[in-house]
2 protein chains.
Amino acid sequence: MDSTVRPYSQVYDTLRKVGLRPTRQRLGLARLLFENGDRHVTAEQLHAEAAAANLRVSLATIYNTLNQFTGVGLMREVVVEPGRSYFDTNTTDHHHFFHEDTAQLQDIPGDAISVGKVPEPPAGTRVERVDIIVRIRG
Amino acid sequence: MDSTVRPYSQVYDTLRKVGLRPTRQRLGLARLLFENGDRHVTAEQLHAEAAAANLRVSLATIYNTLNQFTGVGLMREVVVEPGRSYFDTNTTDHHHFFHEDTAQLQDIPGDAISVGKVPEPPAGTRVERVDIIVRIRG
DNA sequence: TCAACAGATTAGAATCATTTTAAAGAAGAA
DNA sequence: TTCTTCTTTAAAATGATTCTAATCTGTTGA
Ligand SMILES: [Mn+2]
Ligand SMILES: [Mn+2]
Ligand SMILES: [Zn+2]
Ligand SMILES: [Zn+2]
């Protein structure tokens, strides 16, 4: 497939690069996710969006895909509410505002916030990641 | 009831103060929770602990009680994993280590960590709370 | 002291997000 | 093509949490 002219070329190459077969479903979801700026979506949201874009994908595949994209580092998971997972297309070092009213996540650029003093992790452990959630209300 | 001699007097008074009837279940759970230092428990954990202490309480009551204690400010909820809620007896300003291996929470004293720069919340919103989770692995 | 009421507990059903199953379909290699 | 491997899917299963509605218990004021 020539990747210089077709509309799916970008995401096609991305999928090849991470070793995931560029199926119709993955290509469609990747376009929705990666060709619209930084996004924070739940599985249900993405499922609805896919339907609106005439992309037929089962909810099981939405979950599979989000977990696979996260697994290969194309996305990350953000936990802010019990019982619901958000998936984030922004994999750079950054943190989040969480609008408690609307249940929306919003990026805080990595340099707009900083952990002044990072405490020593307990002996025998290493820091995997630091998550800062600033919970806000309208 | 004289609150100076009986073993339940502390938690008895606490419950009265927040306007919750001191029932056998609430008294027993309050002792487990508040007479053993700062604690981070899931509903299932507390349920097992109650059983081990010969306190017969249904899981529904465990959930009711944890939510009520949280509602009146005796505890707070910490979200670190999708699909599971932790309840924290430490209501002072502090943050957490989360051991990804063991799924255990550990307090970081409020003064052992600090948010260097808190970003301006979006116009029309106010900061409700800032949560920092330092994810660690053995 | 105790009846009466409000509030609390509970077993079991319901809910909701997510995962699993296993069967049918599609992609890649040759 | 043809074969193999991976993928998708509907449907069932899972697991945490909440709800329901019946029973029970704490409180209060006669
Ligand atoms: Mn996951
Ligand atoms: Mn809750
Ligand atoms: Zn983000
Ligand atoms: Zn804590």
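Only this structure's heavy atoms are used, side chains among them; waters, hydrogens and symmetry mates stay out. Each chain gets a letter, A, B and so on, in the order its sequence line appears, and its residues count up from 1.
At the phosphate of C/dT18, neither OP1 nor OP2 sits under 4.0 Å from any side-chain N or O atom of A/Asn67. For the pair A/Gln25 and D/dT9, the criterion of a side-chain N or O lying under 4.0 Å from OP1 or OP2 is met. Distances shown here put a side-chain N or O of A/Arg26 below 4.0 Å from the OP1 or OP2 atom of D/dT7.
Remark: side-chain polar atoms of B/Arg26 are not paired, donor with acceptor, to backbone N or O of B/Thr65 under 3.5 angstrom. Distance alone, capped at 3.5 Å, is enough to place a donor-acceptor pair between the A/His47 side chain and the A/Val57 backbone. The main-chain N or O of B/Phe34 is never found under 3.5 Å from a side-chain atom of B/Thr89 such that the two would form a donor-acceptor pair.
Expressed to the nearest 0.5 Å, how far CD of B/Glu49 lies from CG of B/Leu29 amounts to 9.5 Å. B/Asn64 CG to B/Leu20 CG: the interatomic distance, rounded to the nearest 0.5 Å, is 11.0 Å. Atoms CZ and CZ, from A/Phe98 and A/Arg137 in turn, are 9.5 Å apart once rounded to the nearest 0.5 Å. In this structure, A/Arg76 CZ and A/Asn90 CG are separated by 7.0 Å, a value rounded to the nearest 0.5 Å. We find the CG-CZ distance between B/Leu105 and B/Phe97 to be 11.5 Å, quoted to the nearest 0.5 Å. Atom CG of A/Leu33 and atom CG of A/Asp88 lie 10.5 Å apart (nearest 0.5 Å).
The stretch residues 45-63 of chain B comes close to DNA chain C through B/Arg56, B/Val57, B/Ser58, B/Ala60, B/Thr61, each having a heavy atom under 4.0 Å from the strand.
Comparing B/Asn64 and B/Gly83 by the nucleotide of DNA chain D that holds the closest heavy atom to each, the one mapping nearer the 5' end is B/Gly83. Taking the nucleotide of DNA chain C with the nearest heavy atom to each of A/Ala43 and B/Thr65, the more 5' of the two is matched to B/Thr65.
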Grab the N/O contacts between the protein and nucleotides 23-26 of chain D below 3.5 Å, and write none if there aren't any.
none

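Between A/Tyr86 atom OH and C/dA17 atom C1' the separation is 12 Å, expressed in whole Å. For the pair A/Gln68 CD and D/dT9 P, the interatomic distance rounds to 12 Å; values are reported in whole Å. In this structure, B/Glu44 places its CD atom 8 Å from P of D/dT17, rounding to the nearest Å. B/Leu66 places its CG atom 14 Å from the C1' atom of D/dT18, with the value rounded to the nearest Å. Rounded to whole Å, the distance from CZ on A/Arg84 to C1' on D/dA16 is 15 Å. The interatomic distance linking B/Leu20 (CG) with C/dA6 (P) rounds to 19 Å, in whole Å.
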